[in-house]
Amino acid sequence: HLDYVRSDAVPCQSMLKAKAFFAKFDPEKILPSEPTEKKVSALIKKLEDGVETLRVNRAESLIAMQKEVTKYLENDTFEVTSETQEGLRLK
């Protein structure tokens with residue numbers, strides 16, 4: 001059932017694609033067993049994909065934050081108010 005698992009680059013984080021899994025799941029059907037080598041290869045591929053997704057997401061987040069910081073610094077207003085902090089998404 002590895003087709004229904006998504007791995008993230010965060011250690012020990014795997015998620016079940018539950019909607020797709022339960023849409024296709026048949027408790028009466030016995031799936032043929034895959035060789036261990038194939039399962040291990042599939043798992044490392046999922047991890048590699050998760051690392052790449054994390055890299056892309058972090059890069060996009062960094063670029064967005066850099067734009068907000070630039071906008072804030074160009075404002076020349078360094079008063080701390082909810083309006084001046086809004087773009088930085090500070091809590």
In the single-linkage hydrophobic clustering (I, L, V, M, F, W, Y; side-chain heavy atoms under 4.5 Å), do Val5 and Leu47 co-cluster? no
Approximate separation, where rounding is to 0.5 Å, of Ile63 CD1 and Glu60 CD: 7.5 Å
Show me the pairs that pass salt bridge (charged side-chain N to carboxylate O under 4.0 Å, His left out) and involve residues 14-32, at least two apart or across chains. none
Sorted by chain and residue number, the ring pair (Phe, Tyr, Trp, His ring centres under 6.0 Å) partners of Tyr4 (sequence neighbours excluded) come out as Phe21
Donor-acceptor pairs under 3.5 angstrom involving side-chain atoms of residues 30-45: please list them, not counting sequence neighbours.
residue	atom	partner	partner atom	Å
Glu34	OE1	Lys38	NZ	3.2
Ser41	OG	Glu37	O	3.0
Lys45	NZ	Asp49	OD1	2.8

Are the charged groups of Glu74 and Lys71 less than 4.0 angstrom apart, N to O? no
Between CD of Glu52 and CG of Asn57, what distance do you get to the nearest 0.5 Å? 9.5 Å
